S.K.: 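Below is a structure I'd like to ask you about.
A, B, ... follow the sequence lines: proteins, then strands. Residue 1 opens every chain. This structure is a prediction, so every number in the text was calculated from the model and none was measured.
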2 protein chains.
Amino acid sequence: MYIEKFGCDMRGMLSFLILFLLSKKPMYGEEIAAELEKRRGIKPKAGTLYPALKELKKNGLIKGEKKGKIIVYSLTPEGHKTAKYTKEYFCKCFGDVFKD
Amino acid sequence: MYIEKFGCDMRGMLSFLILFLLSKKPMYGEEIAAELEKRRGIKPKAGTLYPALKELKKNGLIKGEKKGKIIVYSLTPEGHKTAKYTKEYFCKCFGDVFKD
DNA sequence: AAGCATATATAGGATATCCAATATTGGACA
DNA sequence: TGTCCAATATTGGATATCCTATATATGCTT
């Protein structure tokens with residue numbers, strides 16, 4: 001796989017992707033993991049995903065609502081605002097990558 | 001700045017950005033640094049940029065041609081191929097971030 | 001030729017990022 | 001009620017990523 005040969009697996013984008021996904025609709029852990037797998041080809045392990053969610057919660061960007069066994073995560077108002085700004089930042093950085 | 005509050009500075013995308021920039025045109029170090037600053041708001045330090053270039057060169061993706069004081073970097077054939085694949089990967093991951 | 005600024009380079013270390021392994025929780029269903 | 005499974009969670013550590021500080025090289029100006 002060329003990504004591996006490249007030596008850059010685009011680490012550091014996990015939290016951004018999670019925030020972006022939740023900005024589209026609330027999801028629970030396994031849903032998020034499945035969506036990430038569809039995009040990146042790699043499914044984040046539990047020890048990767050949940051600490052990331054915990055950090056986002058700690059920063060007040062997402063909240064978790066318990067629905068029986070699962071926890072549905074969604075953005076807080078602060079999270080929406082941050083998602084908006086980070087998306088703008090992202091577009092400024094990478095906007096023209098898509099125009100090829 | 002919201003990126004800081006977010007706690008995600010999108011690390012891990014530096015090499016990808018460099019590869020992408022060089023896929024558009026050959027550049028030397030300071031040119032690359034300036035372009036990165038324009039996009040990210042932060043200019044990479046010498047101790048960040050040159051090791052990254054060295055790694056890309058080691059992997060056979062870029063080559064450096066000395067022109068007096070400066071070194072002009074450009075993609076190798078392998079680098080072009082890798083840029084193409086990484087761009088596709090990138091689009092698969094983040095393609096819909098721009099549709100908002 | 002000497003001094004200076006710019007460009008490139010390296011070593012060492014701090015932090016971020018992620019995973020493996022393991023633990024816990026809650027519901028389903030016998 | 002007890003067992004099983006899926007979902008969530010935590011700890012500890014490995015690696016990636018980047019910066020600070022420092023060093024080297026090259027060309028320009030005087």
S.K.: Taking the minimum atom-to-atom distance to the side chain of Tyr50(A), which one of dC18(C), dA20(C), dA9(D) wins?
M.R.: dA9(D)

S.K.: CE of Met13(A) versus C1' of dC18(C): gap in Å, rounded?
M.R.: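 Met13(A) atom CE is separated from dC18(C) atom C1' by 15 Å.
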
S.K.: For Arg11(A) and dT15(D), give me the distance from atom CZ to atom P, rounded to whole Å.
M.R.: 10 Å

S.K.: Using heavy-atom distances to pick each residue's nearest nucleotide on DNA chain C, tell me which of Ala46(B) and Gly47(A) is more 5'.
M.R.: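 Looking at DNA chain C, the more 5' nearest nucleotide goes with Ala46(B).
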
S.K.: Please tell me if the side chains of Lys43(B) and Lys38(B) come closer than 4.5 Å, counting only heavy atoms from C-beta onward.
M.R.: no

S.K.: Answer whether the closest heavy-atom distance between the side chains of Arg40(A) and Leu14(A) falls below 4.5 Å.
M.R.: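 Arg40(A) vs Leu14(A): side chains touch.
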
S.K.: Ignoring the backbone of Pro51(B), work out which of dT10(C), dT8(D), dA9(C) is nearest its side chain.
M.R.: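 Given the options dT10(C), dT8(D), dA9(C), the side chain of Pro51(B) is closest to dT10(C).
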
S.K.: Please determine, for the side chain of Pro44(B), which listed nucleotide (dA9(C), dC19(D), dT17(D)) has the closest atom?
M.R.: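 Nucleotide nearest to Pro44(B)'s side chain: dC19(D).
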
S.K.: What is the distance from atom CD1 of Ile62(B) to atom CG of Leu53(B), rounded to the nearest 0.5 Å?
M.R.: 4.5 Å

S.K.: Side chain of Leu14(A): nearest nucleotide among dC18(D), dT8(C), dC18(C)?
M.R.: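 Out of dC18(D), dT8(C), dC18(C), the nucleotide with an atom closest to Leu14(A)'s side chain is dC18(C).
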
S.K.: Would you kindly give the NZ-to-C1' distance between Lys66(B) and dA9(C), to the nearest whole Å?
M.R.: 11 Å

S.K.: dT11(D) C1' sits how many Å from Lys54(A) NZ, rounded?
M.R.: 10 Å

S.K.: Expressed in angstrom and rounded to an integer, what is the separation of Ile71(B) atom CD1 from dT6(C) atom P?
M.R.: 18 Å

S.K.: Could you label the plane-to-plane angle of the Phe94(B) and Phe16(A) rings as parallel, tilted or perpendicular, counting under 30° as parallel and over 60° as perpendicular?
M.R.: tilted

S.K.: Check every atom of dA7(C), dA9(D), dT10(D) against the side chain of Tyr73(A) and return the nucleotide holding the closest atom.
M.R.: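 In terms of side-chain proximity for Tyr73(A), the closest of dA7(C), dA9(D), dT10(D) is dA9(D).
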
S.K.: Nearest whole Å is fine: how far is dC18(C) P from Ile32(A) CD1?
M.R.: 14 Å

S.K.: Can you figure out which of dA9(D), dA7(C), dA9(C) approaches the side chain of Glu30(B) most closely?
M.R.: dA7(C)

S.K.: Starting at atom CD1 of Ile42(A), determine the distance to atom P of dA16(D), rounded to an integer number of angstrom.
M.R.: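 Rounded to the whole Å, the gap is 13 Å.
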
S.K.: Are the side chains of Lys63(B) and Tyr73(B) in contact, using a 4.5 Å heavy-atom criterion?
M.R.: no

S.K.: Would you kindly give the NZ-to-P distance between Lys45(A) and dC18(C), to the nearest whole Å?
M.R.: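 My rounded result for the distance is 13 Å.
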
S.K.: If you only use heavy atoms from C-beta on, which nucleotide in dT26(D), dG27(C), dT8(C) is closest to the side chain of Lys69(B)?
M.R.: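 Within the option list, the nearest is dT26(D).
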
